[in-house]
Each structure stands twice: as structure tokens, then as C-alpha cells.
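Each ligand, and each atom within it, is numbered from 1 in the order the structure gives. In what follows, every heavy atom counts, from backbone to side chain, and hydrogens, waters and symmetry copies are set aside.
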Amino acid sequence: MNSYVQKVINDVKERNPNEPEFIQAVEELLTSISPVIDQHPEYEKADLLHRMTEPERMFTFRVTWTDDNGQVHTNRGWRCQFNGAVGPYKGGLRFQKNVNDSVIKFLGFEQTFKNALTGLPIGGGKGGSDFDPSGRSDAEIMRFCQSYMTALYRYIGPDTDVPAGDMGVGEREVGYLFGQYRRLKANFENGVITGKNPVYGGSLIRPEATGYGAVYYLCEVLKHEKDTIKGKRIGVSGYGNVAWGIMKKAAQLGARVTYISGPDGYIHDEEGVVTEEKLDYILEMRRTDPMHCRSYAEKFNCEFVEGEKFWGVKDVDIYMPAATQNDVDINSARKIAQSGVKYYIEVANMPTTNEALNYLASQTGIIVAPSKAVNAGGVGVSALEMSQNSERLPWTAQDVDDQLKRMMVNIHEVSVTAAKGYGLGYNLIAGANIAGFMKIAEAMMAQGIF
Ligand code: 2IT
């Protein structure tokens, strides 16, 4: 490995000792762009890698709110404005108990390169809170969101930093957050946040975009392998918004999602989550009980395996981890390799440990696609939402979907080209990392030293 890359990885470890997820994301990216640094000594002179691994700005704030019984609670809020070299900071808010500095920082780092890959002018950011929304009433969620936005609104804006949803933040939360922003600023800047209801400026297809984009990207991989999506069985971990989009698009294209999973176990539905009734139930199950998917098996009379993950089952053609970070470790990866599956398409942000990812990509013959490329359609359509807001003209669903498809074809294409340019063959991980990195690197180099 390049010695400057090695030094920066060591320094990041030393500087961020309690941030394993952040270190993991940095190590993954820097390892893969090492050949680029070999060819660009000017990047070391400009100390580009230390600069790129330190957020431009990151802050925490207190979020106090009152529950329905009059009890006051105090949570911590975060916003990480990681890199603004190619556009206003852009990235979601995650409301989940396990959110901490490391999680926010890794997500902001990943977001920077993902957003660069979309080809649209958006920098990288992320935020959230350790607030646990489960079991909270609508009124509690509203008060929490209002308090959160009261602390944040001075530091964001349509040309500054544009949050969106992530885990625990959907259209309802985005609505409360935007309402409070509008109230505090006494204006209508709906480009300040994406993932809105279309009735006040949200984009059509945004709810589906991450999942649809992932399937469009998958189609490009299959095309490259002279294969087709028709008839394919897909195992998707998770059953959130992203997994739902995958199920819907897979069904439209003649494939089917036959395994899904939740924190409580996994479901095997050999017929696939393909009917409108089943797809609607996925959304309802998510809304009413985000921790359990068992009820799907009861309702549709299929197998439920309690407390297990499905990695390793042999009756699928494609694995798509779409739950959360580090869902697949080396043990799961070994089972996946033994299953004989040919495609491993990451969807959630950093769903695979580095050990597992390296193993799958280099020792198994499985084609591995990285999340920062595969899930970029979500934030890509968020950028299209920003365009619609600034032109004050909503686009049709067809317009958005066409752009999304083109974006995913392009992300695959630039990744393939970038990897080939460094003699790495059909390496989608290195390709995505190199292509995203080069865009950020060139923008930073052009803007002087800071
Ligand atoms: O991880 C992600 O890309 C998101 N949560 C979406 C971010 C966005 O700004 O739409």
C-alpha cells in the first residue's frame, strides 16, 4: 500500500480511537484508492487525505422534549457537514438509539463519495439523534422534531446544508421538521430538506428511489454478465423503505424477493413479495412495528425462522443486504460463499464488515457491488427534488424515474471505467471509490488549501 495512505489510516485511527465505524469506512475507501495516490504525488503535498478524512464541521446539540405524560427527556442531536467541495452538504438524519459520533461520521464520510458519484452538485453531510422513536406517539414525534429543528435551523439552508430522512426519519418526520423550519424563518424555503410529501414540494418517486435505483444498478451488473433479472430470486435483509422499493421494482421486472428479514428473524416466501397486497403490508408492518417482521409470515402463510439471518440459504440468486451497517460479518460471508450465489449487491450503508467484504470480493468469485454506488439513487433523487424546488416546477414520476435510471447506468459505467483505468478489471468497489474520490479530489485541489 502507498505509504502516505498507510500513514493517514494510522493517524485516523489514533485521532478517532472510539470511532470504529468511522475508521472502518476510511480504511475501506483509502485502501482502494491507494493506486491513485501512487500516481498523484501532488495529493500528498497538499495533504489531501488528512483533509478529506476530517469533517469540515461537525457539531452536537441538546434536544429537549416533553412526552405525553409531561416527563421531560434530553437527547443529543448531531449534524456533520463532512465535505462541501462539490455542493451544499446533503445527507439524511438518522433517529435511532445507537446513534453516536462514530455512526454519524462514517455516514457523512460515505455520503460524500456517494453523492459525488451521482454526478449532481451535492456535498456530503449526515445528522441525527440518539432519540428512540419506537413506541412514541405522533404528538411526541412532532415535539421531538420541532425541538430538533429549533436547535438546527440556523446552520442549514437550501444552499448550505440540506437534510433528508434516514432510519427513523420518514415523510412524517420530514414534515414536522420542515414545518418548524418554516415557522422559525417565516419563509418558504422548501429546498432546505428532501423527502417531503409532494403536496408541498416533495418529489414523486423519492420513496421508491433508493430501492429502484439499487435494482437498476443490479440490472447493469447482470447485463455486464450477459445475464438477466427475469426469474431471479433475491434475498433482501431488512423490510424498510429501501427493501420495499427493491421488492416493488424486482416484481415489475419479473424477478422476486423471496427472503426478507427483521431484527426478530427471517421470512421465506417462495412466491415472492410481488403482489400489491404484500407490498402494502410491508409498509404497514414497518409503520406499526419496526422491530418485528413475523406477522408477514402469519398473514401470508409462509416460513418464519426466529432469531436467525438467512445468509447462506441456497435457493436465491442474489443477495442484497439492505438493513443496516455491519449486518454481514466474516461468518455470514463464509456462508454466503458456500451458498453458491453469484451476486452480492450491498444496499444499506456499509452493511459488510471490511474483513467480510474483502473476503467476498477477492476470494470467492462472487460479484460484489458496493453500497455507495448501489444506494446512490436515493440521494440522487433528493438532488432532483432540490432542482424541482428551486425551479418551482414539479416533475412527473416518469421524468424522475427516467433520470434515476440514467443516473444508475452512469454510476455503474463510471465505476467500470475508473477501475479499468487502474488495471483492476471489473472491480465495482474500487471503481466506485476511485470515481467518487477523483471528483472530490479535483474539486478540493481547485479550491485552494483549507
Ligand atoms: O443514506 C442516504 O443516502 C440517505 N439516507 C438519503 C440522503 C438524502 O439526502 O436523500
Next item on the list: With heavy atoms of Gln111 as the reference, note each atom of ligand 1 found under 4.0 Å away.
Entry: 1 (O), 2 (C), 3 (O), 7 (C)
Check: With under 30° as parallel and over 60° as perpendicular, where do the rings of Tyr216 and Tyr212 fit, or are they tilted in between?
Finding: perpendicular
Notebook entry, point to check: Any idea which part of Asn349 is under 4.0 Å from ligand 1, heavy-atom wise: side chain, backbone, both or neither?
Noted result: side chain
Notebook entry, point to check: Nearest to atom 10 (O) of ligand 1, what protein heavy atom do you find, and at what distance?
Noted result: Ser382 OG, 2.5 Å
Next item on the list: Can you label the angle between the Trp65 ring and the Phe144 ring as parallel, tilted or perpendicular, going by 30° and 60°?
Entry: perpendicular
Next item on the list: Flag the pair Tyr296 / Tyr239 as yes when their ring centroid distance falls below 6.0 Å, and as no otherwise.
Entry: no
Note to self: Students should be able to answer this: which protein heavy-atom is nearest to atom 6 (C) of ligand 1, and at what distance?
What the structure shows: Arg206 NH2, 3.6 Å
Checklist line | Trace of the ring pair (Phe, Tyr, Trp, His ring centres under 6.0 Å) decision for Phe109 with Phe82 | finding: CA-CA 6 Å; Phe109 183 77; Phe82 212 110; 5.6 Å; yes
Check: With a 4.0 Å cut-off on heavy atoms, is Lys126 touching ligand 1?
Finding: yes
Notebook entry, point to check: Looking at ligand 1, does Ala383 have a heavy atom less than 4.0 Å from it?
Noted result: no
Next item on the list: Say whether Val162, considering both its backbone and side-chain N or O atoms, lies within less than 3.5 Å of an N or O atom on ligand 1.
Entry: no
Item checked: Shortest protein heavy-atom distance from atom 5 (N) of ligand 1, along with the residue and atom involved -> Asp166 OD1, 2.9 Å
Item checked: Side chain to side chain, Met291 and Asp264, heavy atoms closer than 4.5 Å -> no
Item checked: salt_bridge(Glu385, Lys196) N-O dist < 4.0 Å -> yes
Margin query: Would Lys114 count as being in polar contact with ligand 1, using the rule that some N or O on each side must be under 3.5 angstrom apart?
Written below: yes
Next item on the list: Please write down residue, atom name and distance for the protein heavy atom closest to atom 7 (C) of ligand 1.
Entry: Gly92 N, 3.6 Å
Notebook entry, point to check: Starting from atom 9 (O) of ligand 1, which protein heavy atom do you reach first, and at what distance in Å?
Noted result: Lys90 NZ, 2.7 Å
Notebook entry, point to check: Between Tyr426 and His224, what is the ring plane arrangement, given parallel below 30°, perpendicular above 60°, and tilted in between?
Noted result: parallel
Check: Of Asp401, Asp402, Val400, which meets side-chain contact (heavy atoms from CB on, under 4.5 Å) against Trp395?
Finding: Val400
